[in-house]
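Reading through the structure tokens given below for one structure.
Small disclaimer: the values here were computed from a predicted structure and weren't measured. Residue numbers start at 1 and run along the sequence shown.
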Amino acid sequence: MTELKNDTFLRALLREPVDYTPVWMMRQAGRYLPEYRATRARAGSFMQLCMAPELACEVTLQPLERFPLDAAILFSDILTIPDAMGLGLYFAEGEGPHFERPVRTAADIERLGVPDPEQDLRYVVDAVALIRRELGGRVPLIGFSGSPWTLATYMVEGGGAKNFSRIKAMMYDRPDLLHALLAKVADAVIVYLNAQIARGAQAAMVFDTWGGALAPACYQEFSLRYMERIVAGLTREAEGRRVPVILFTKNGGQWLDRMAATGCDALGVDWTTDLADARRLVGDRVALQGNLDPCVLYASPERIRAEVARVLESYGRGHGHVFNLGHGITPDVDPEHAAAMIAAVHELSPAYHA
């Protein structure tokens, strides 16, 4: 593998000394970029874009051609695993993802198998290998998956949901069924992420988008428990260096101390939690990633710079901070505003590492 020219992101995740705070953006390859929209139009659909390694590589690299980012993240979707389990994923225009065959019964769960990434998800691991090659060591590549709880919400609900009534009914009435489903999905995530790491991913992130919809006891039992299982099952060293693992629960700031005890290396923090409070909760156990409100990018470049300064100040001096948005960049943001954020991070953050 090509030697890594910029490993600031990886060192920050491991709380090692860095000269500045590294920065990347969740959904940095996406609809806010006109070049992404052009490539997606060529692909024909979102899933066709995901399933063509050359095009997935192209859109992964597009933001790095525009911005001096410190990491690339694989372009894919969290629902690749349930799709590979045979649930029939499709996207209705303006309605988001749906499954033709949702998981509602014990028989449904029994039928599910753990996909073989080299067969059932070959397009993803091929994309990882291609992206890693085309990066040429510029910056590290992040692999990712959805969390078992988040994937299960889509699988049981049959798509997106407002109040998670079906999966919460299963959780309260038939917790045995939900645990059986979550265990199977967790095993699939472990195999999937390890395949990404084997093909060249240098960090792994688990997106628990819907964990924040749970009551505290339920979060511990049905979400965090399975993320801890994933952390324990992942390959943690490759190419002679540590492969950091990042966990991110949206609206999960109240559980950061418990998340830090899973054995992960870093935690994503959304904008509803101050980084100073998060840092006090986790101590020196893990790095923190975040947490600018994505809507700040609708403001003027001057205000964006001020808000970047505020986030950097909230984390304070020392290492172990990766700058990011508190969730994904929104589709109608001006790319020049993203550029202003990245420039501000690189300009203002060295003072916190001197």
Side-chain angles (χ1 to χ4, degrees), residues 26-27 30-32 45-47 50 76-83 85 87-105 108-109 112 144-182 184-186 189 205-227 247-256 259 268-273 290-291 293-298 325-333:
M26 289 183 273
R27 295 196 192 128
R31 288 176 288 170
Y32 74 106
S45 72
F46 175 73
M47 281 308 293
C50 288
S76 188
D77 191 81
I78 64 169
L79 298 180
T80 52
I81 287 177
D83 184 44
M85 288 176 156
L87 301 191
L89 174 65
Y90 67 98
F91 286 83
E93 192 63 38
E95 295 181 18
H98 294 272
F99 286 111
E100 295 173 0
R101 294 172 289 280
V103 177
R104 304 270 168 81
T105 67
D108 292 338
I109 296 168
L112 297 175
F144 75 91
S145 172
S147 72
W149 164 258
T150 292
L151 296 181
T153 63
Y154 289 99
M155 295 166 74
V156 174
E157 298 288 341
K162 289 186 177 180
N163 57 10
F164 306 101
S165 57
R166 289 184 183 275
I167 192 166
K168 285 191 174 184
M170 181 185 288
M171 179 178 74
Y172 288 116
D173 277 339
R174 290 297 307 273
D176 57 318
L177 286 188
L178 185 52
H179 279 304
L181 174 59
L182 291 168
K184 197 166 281 192
V185 175
V189 170
M205 185 161 174
V206 178
F207 287 89
D208 187 31
T209 309
W210 301 125
L214 290 167
C218 294
Y219 175 76
Q220 183 97 9
E221 181 177 355
F222 295 98
S223 182
L224 189 61
R225 169 178 170 181
Y226 291 96
M227 289 195 288
L247 302 183
F248 174 58
T249 295
K250 187 182 177 189
N251 296 322
Q254 66 271 41
W255 302 312
L256 290 171
M259 295 173 72
V269 184
D270 71 19
W271 67 93
T272 63
T273 299
N291 68 339
D293 182 345
C295 288
V296 167
L297 298 185
Y298 293 117
L325 302 173
H327 200 239
I329 188 169
T330 44
D332 52 349
V333 160

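The side-chain heavy atoms of Leu87 and Leu112, taken from C-beta on, include a pair separated by under 4.5 Å. Within the 4.5 Å cutoff, no side-chain heavy atoms of Pro102 are placed close to those of Val156. By the 4.5 Å heavy-atom criterion applied to side chains, Met171 and Cys218 are counted as neighbours. Using a 4.5 Å heavy-atom threshold, the side chains of Arg166 and Phe164 count as separate. A 4.5 Å side-chain heavy-atom check between Tyr219 and Asp208 finds at least one atom pair inside the cut-off. By the 4.5 Å heavy-atom criterion applied to side chains, Leu79 and Met155 are not counted as neighbours. Within the 4.5 Å cutoff, side-chain heavy atoms of Leu325 are placed close to those of Leu297. Between Tyr298 and Thr330, the closest side-chain pair of non-hydrogen atoms falls below 4.5 Å.
The distance from atom CG of Asp270 to atom NE2 of His327, rounded to the nearest 0.5 Å, is 8.5 Å. In this structure, NE2 in His179 is found 3.5 Å from CD in Glu221, a value given to the nearest 0.5 Å. To the nearest 0.5 Å, the span separating OG1 on Thr153 from NZ on Lys168 amounts to 10.5 Å. With rounding to the nearest 0.5 angstrom, the CH2 atom of Trp210 is 12.5 Å from the CG atom of Leu151. Here the straight-line distance linking atom CG of Leu247 with atom CG of Leu256 works out to 10.5 Å at 0.5 Å rounding.
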Ser145/Ile81 under side chain to side chain contact (heavy atoms under 4.5 Å, CB included): CA gap, chis, key distance, verdict
CA-CA 8 Å; Ser145 172; Ile81 287 177; 3.9 Å; yes

Give the intermediate values and the outcome of side chain to side chain contact (heavy atoms under 4.5 Å, CB included) for residues Phe222 and Leu182.
CA-CA 8 Å; Phe222 295 98; Leu182 291 168; 3.9 Å; yes

Under the criterion side chain to side chain contact (heavy atoms under 4.5 Å, CB included), I'd like the reasoning laid out for Met170 against Leu177: C-alpha separation, chi angles, the key distance, then a yes or no.
CA-CA 7 Å; Met170 181 185 288; Leu177 286 188; 4.3 Å; yes

Could you go through Met26 and Phe207, starting from their C-alpha distance and side-chain angles, then the distance that decides it, and tell me whether this counts as side chain to side chain contact (heavy atoms under 4.5 Å, CB included)?
CA-CA 10 Å; Met26 289 183 273; Phe207 287 89; 3.5 Å; yes

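The minimum heavy-atom distance linking Glu157 with Arg104 is given by the pair O-NH2, 3.2 Å. Residue Phe99 comes nearest to Pro82 through the heavy atom pair CZ-CB, 3.5 Å, listed as atom of the first residue, atom of the second, then distance. Contact detail for Ala186 and Tyr226: the closest heavy-atom pair is CB-CD2, 4.1 Å. In this structure, Pro294 and Gly326 approach most closely via the heavy-atom pair CD-N, 4.2 Å. Of all the heavy atoms in Arg31 and Pro331, the pair that sits closest is NH2-CG, 3.3 Å. Closest approach of Gly211 to Ser223, counting heavy atoms only: CA-OG, 4.4 Å.
A distance-only check finds no donor-acceptor pair linking the side chain of Arg174 to the backbone of Thr105 [under 3.5 Å]. Judged by distance alone, with hydrogens and angles left aside, the side-chain atoms of Asp108 form no donor-acceptor pair with the main-chain N or O of Val103 at under 3.5 Å. Looking only at distances, a side-chain donor or acceptor of Asp83 sits under 3.5 Å from a matching main-chain atom of Leu89. Side-chain atoms of Gln220 do not come within 3.5 Å of backbone N or O of Arg225 as any donor-acceptor pair. The closest donor-acceptor contact from the side chain of Asn291 to the backbone of Thr273 lies under 3.5 Å.
Each of Ile167, Thr249, Val185 was compared with Trp149 under the side-chain contact (heavy atoms from CB on, under 4.5 Å) criterion, and only Ile167 meets it.
Checking Thr150 against Ser147 by side-chain atom types alone, a donor-acceptor pair falls below 3.5 Å.
Checked against a 6.0 Å centroid threshold, the rings of Tyr154 and His98 do not count as neighbours.
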